[in-house]
Each structure stands twice: as structure tokens, then as C-alpha cells.
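All values derive from a computational prediction rather than experimental measurement. Residues take their numbers from the sequence shown, with the count starting at 1.
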Amino acid sequence: MSSGASESLERAAAAGIHRLRIPTPFLVGRVNCYLIEDEPLTLIDTGPNSGKSLDELEQALAARGHAVEDLELIILTHQHLDHVGLLEILARRSGAEVAAFHLLGPYLRDFAASAGADDDFAQQMMRRHGTPADLATVLGAVGAAFRAFGSGGDVTRLLKDGDTIELRDRRLRVLHRPGHSPSDTVFWDEQRAILIAGDHLLAHISSNPLVSRPLTGEDSGERPHALLTYMKSMSKTREMPAELVLTGHGDPVTDHVELIDERFRMHERRAQKMLKMLGAGPLSAYEVALQMWGNIAVTQAYLTISEVLGHMDLLVRDGLIHEIERDGVVSFEAL
């Protein structure tokens, strides 16, 4: 850990916010949950549903003199498995109130059905954008197996953009920042200039804007434009006077403006690289992903296709390419 990261975490701890690094089975590594020692005693995010994660979470709480049963409020930043997986266990054992973005209420109430619908959506997206059918089937089975690391539960406090969570010693402003997922929510402590951001901003990697099934459950027939949504959200965050951003993975961010500006530059560079690939003729998102990332595009097809589609959306927006469809498969062609 760098000295800057250590100082940032010390600043957060002095404000009563303690990072708990919980193991996950995912490539992203450990997830950061945050214990806020206030009234009510609050945990932000839970870690994935595994015995190892629960064991390390209990140890981390014990190191602060607490137990799961002491938790009074659980706040969720978004819907991904590594952030909500232990919700059912923690809520049942503690009786804590559960606060989350309002559209997560129905999603988490019947997690199995929601996860199944997500899997169906992912299958349709992969096949429509050029993933071979047999590969999509195999990846769908792998994805379904990973769903065991998630769980559902009752959201007892439904949050909307602009709401306020009042604790004894602080006030957290609720801000909806979709893009990485439809439910991404950040929590702003204006008095301390601290933003608890989940996966909205990460220091060491770019948060992948996954093309996700809309939480409303409505099928408009139009594919969600996750990267465009995410860039709009980052633009809003860029204007905030945050001095410290506590992230869902890795170390804190102390210059969010520079980080966001670099993310914008990176997305522009990547879009231009993909545009050059289309110079030889139309390609599907899967074909672009294979050229960009090789075998990673096979083992992580949905993630890389989401990445490609986001940049195709940037190029469509700028009038540089258009979408064509043949036999149910979409390709992109340079204009």
C-alpha cells in the first residue's frame, strides 16, 4: 500500500469509516466493504456469499470490537454479487435495516428470478453480437454457477436520487450514478468531503460499463447504452468537491477529476482503435473483442462485448459508424 493510500485510509478511519477488505472468487480480487462506527452502526456492502468471505468479515468486525449481530443498518452500493452476496445472512442475523436504490427492492426480493432473467438477457446479447452459440451456452452455465455467490433479501428502506441518510454524526446524500450497473449509487458526506463510491470509480482499473438488463423489467426493444450512461454519471461526479473517494476495490482516490479525465481520454483512444479495425469491413462486437483481447474475449465474452458495444455507441453518436443486422447478428460498419 502506498503512503498516500495509507494516509487516505487513516483520514477515513478518523472520520469513523473503516475499510474491510473481503475476499472474492472473482478476477477483480478483494472487495472493499466499509464499517461506519456511528449510530446506527452501519455496513456498506457485504462481500460475496461464501464461507471464507463471511469468516473474514466476522474477523474484521471483531477487530473493531463488533459482531454481525451488532449491525443496525446495511447500505448497498449496487447489485453485483461481490457487493450483495452476504445480504441474506447478515440481515437475518443482525435484524439490520437494509437501504438500497429503490429499483433494487424487487430485484433482491426474488434474487433467483432476477439472476435467471439476467442470464437470459446475457445469452441474447452474446448471440446477437456474434458470440458462437456453443460458446455462449458454456459461458451461460459458468455464469449461472457463479450466481451462488449472490443472495437476495428485503430492502426495508428504498432510496432515491437526492435522498439523505441521517446518522448521529453525519449525513449521507444519496446520488444515483448508473453505468457500471443500473443501480450504482454513491454516498456523499459533504461535511467531510468524502464520497463512498462503490465501483463507480476505481483507481487501478476502469469500471467496466456492463450492458445490463434494465431494473424496471421493461423491454423497450433498445439495447442499453451503458458507456454513454456511465460517462454522463462520471461528468456529474467530476463536478463534486470531493477530497477523498472510497472505492469498492483497491485504494482510495484523492484526485477524482484527473482520474475521470483520464478515463474519458482512455475511452476516446479505445474507440478510435476500434474504428480503425472497421476499416477493413464490418465486424460484430465479438469479432472486435477477439482482435482487441484475443483469448480473453473467449473466456470473458460478455464483459468484453459490453466494452466493445460501449465504444461502438460512442462512434455511432459521433456519426462515424452505423449498425447493420443480418440473420439476427449485428455488425458495425464504418461510414
> Side-chain contact, heavy-atom cut-off 4.5 Å: Leu103 with Pro182?
Replying inline: no
> Going through the checks in order, is the side-chain hydrogen bond (donor to acceptor under 3.5 Å, both in side chains) test met by Thr77 and Asp45?
Replying inline: CA-CA 6 Å; Thr77 62; Asp45 287 340; 2.7 Å; yes
> Donor-acceptor pair, Ser233 side chain versus Pro178 backbone, under 3.5 Å?
Replying inline: yes
> Hey, mind stepping through Arg127 and Thr137 against side-chain hydrogen bond (donor to acceptor under 3.5 Å, both in side chains) and telling me if it holds?
Replying inline: CA-CA 9 Å; Arg127 293 166 191 259; Thr137 299; 2.9 Å; yes
> When you look at CZ of Arg265, are more than 12 heavy atoms from neighbouring residues, nucleotides or ligands closer to it than 6.0 Å?
Replying inline: yes
>> Using 0.5 Å steps for rounding, measure from the CG atom of Leu43 to the NE2 atom of His18.
In response: 12.0 Å
>> Set out, in order, the CA-CA distance, both residues' side-chain angles and the distance that settles side-chain contact (heavy atoms from CB on, under 4.5 Å) for Ile196 and Asp189, then state yes or no.
In response: CA-CA 8 Å; Ile196 303 173; Asp189 184 339; over 6 Å; no
>> How long is the straight-line distance from OG1 of Thr24 back to CG of Asn49, given to the nearest 0.5 Å?
In response: 13.0 Å
>> On a heavy-atom basis, which atom in Leu290 and which in Ala297 lie closest, and how many Å separate them?
In response: N-CB, 3.7 Å
> In a check of side-chain contact (heavy atoms from CB on, under 4.5 Å) between Met312 and each of Met274, Glu307, Arg317, which one passes?
Replying inline: Met274
> Among Arg269, Glu268, Lys276, Arg270, whose side-chain hydrogen bond (donor to acceptor under 3.5 Å, both in side chains) with Gln272 holds?
Replying inline: Glu268
> So with a 6.0 Å cut-off around CZ of Arg92, is the heavy-atom count from everything else above 12?
Replying inline: yes
> Is there a donor-acceptor contact under 3.5 Å linking the side chains of Ser181 and Asp184?
Replying inline: yes
> Between His80 and His180, does the ring centre distance come in under 6.0 Å?
Replying inline: yes
>> When you compare the side chain of Thr304 with that of Val288, does any pair of heavy atoms fall below 4.5 Å?
In response: no
> Where do Asp120 and Gln124 land on the side-chain hydrogen bond (donor to acceptor under 3.5 Å, both in side chains) test, with the steps shown first?
Replying inline: CA-CA 6 Å; Asp120 292 343; Gln124 293 170 18; over 6 Å; no
>> Surrounding CD of Glu323 (heavy atoms of other residues, nucleotides or ligands, distance under 6.0 Å), is the total greater than 12?
In response: yes
> Any side-chain heavy atom of Ser206 within less than 4.5 Å of one from His267?
Replying inline: yes
> Which heavy-atom pair separates Val298 from Tyr286 by the least distance, and what is that distance?
Replying inline: CG2-OH, 3.6 Å
> Between Glu243 and Arg192, does at least one N-O distance fall below 4.0 Å, as a salt bridge requires?
Replying inline: no
> Hey, does Trp188 have a side-chain heavy atom less than 4.5 Å from the side chain of Leu172?
Replying inline: no
> Under the salt bridge (charged side-chain N to carboxylate O under 4.0 Å, His left out) criterion, do Arg213 and Asp118 qualify, and how do the steps go?
Replying inline: CA-CA 6 Å; Arg213 179 176 64 90; Asp118 287 346; 2.8 Å; yes
>> So Met240 and Arg173, do their side chains get closer than 4.5 Å, heavy atoms only?
In response: no
>> For His249 and His83, take the angle between the two ring planes, folded into 0 to 90°, and tell me which bin it lands in: parallel under 30, tilted 30 to 60, perpendicular over 60.
In response: perpendicular
>> Can you tell whether the side chains of Arg11 and Glu7 come within less than 4.0 Å, N to carboxylate O?
In response: no
> Are Met266 and Val245 connected in the hydrophobic side-chain network, where two residues link if heavy atoms are under 4.5 Å apart?
Replying inline: no
>> Set out, in order, the CA-CA distance, both residues' side-chain angles and the distance that settles side-chain contact (heavy atoms from CB on, under 4.5 Å) for Tyr302 and Val211, then state yes or no.
In response: CA-CA 9 Å; Tyr302 195 64; Val211 179; 4.2 Å; yes
>> Applying side-chain contact (heavy atoms from CB on, under 4.5 Å) to Arg21 and Asn32, what does each step give before you reach the verdict?
In response: CA-CA 5 Å; Arg21 297 182 68 245; Asn32 296 332; 3.5 Å; yes
> Can a donor-acceptor pair be found between the side chains of Ser114 and Arg147 at a distance below 3.5 Å?
Replying inline: no
>> In the structure I gave you, are the side-chain heavy atoms of Met292 and Met277 within less than 4.5 Å of one another anywhere?
In response: yes
> If you count the non-hydrogen atoms of other residues, nucleotides and ligands that lie under 6.0 Å from CG in Leu335, is the total more than 12?
Replying inline: yes
>> Does Ile89 form a side-chain contact (heavy atoms from CB on, under 4.5 Å) with Ser151? I'd like the steps, not just the answer.
In response: CA-CA 9 Å; Ile89 292 173; Ser151 77; over 6 Å; no
>> If I compare all heavy atoms of Pro40 with all of Leu167, which pair ends up nearest, and what's the gap?
In response: O-CD2, 3.9 Å
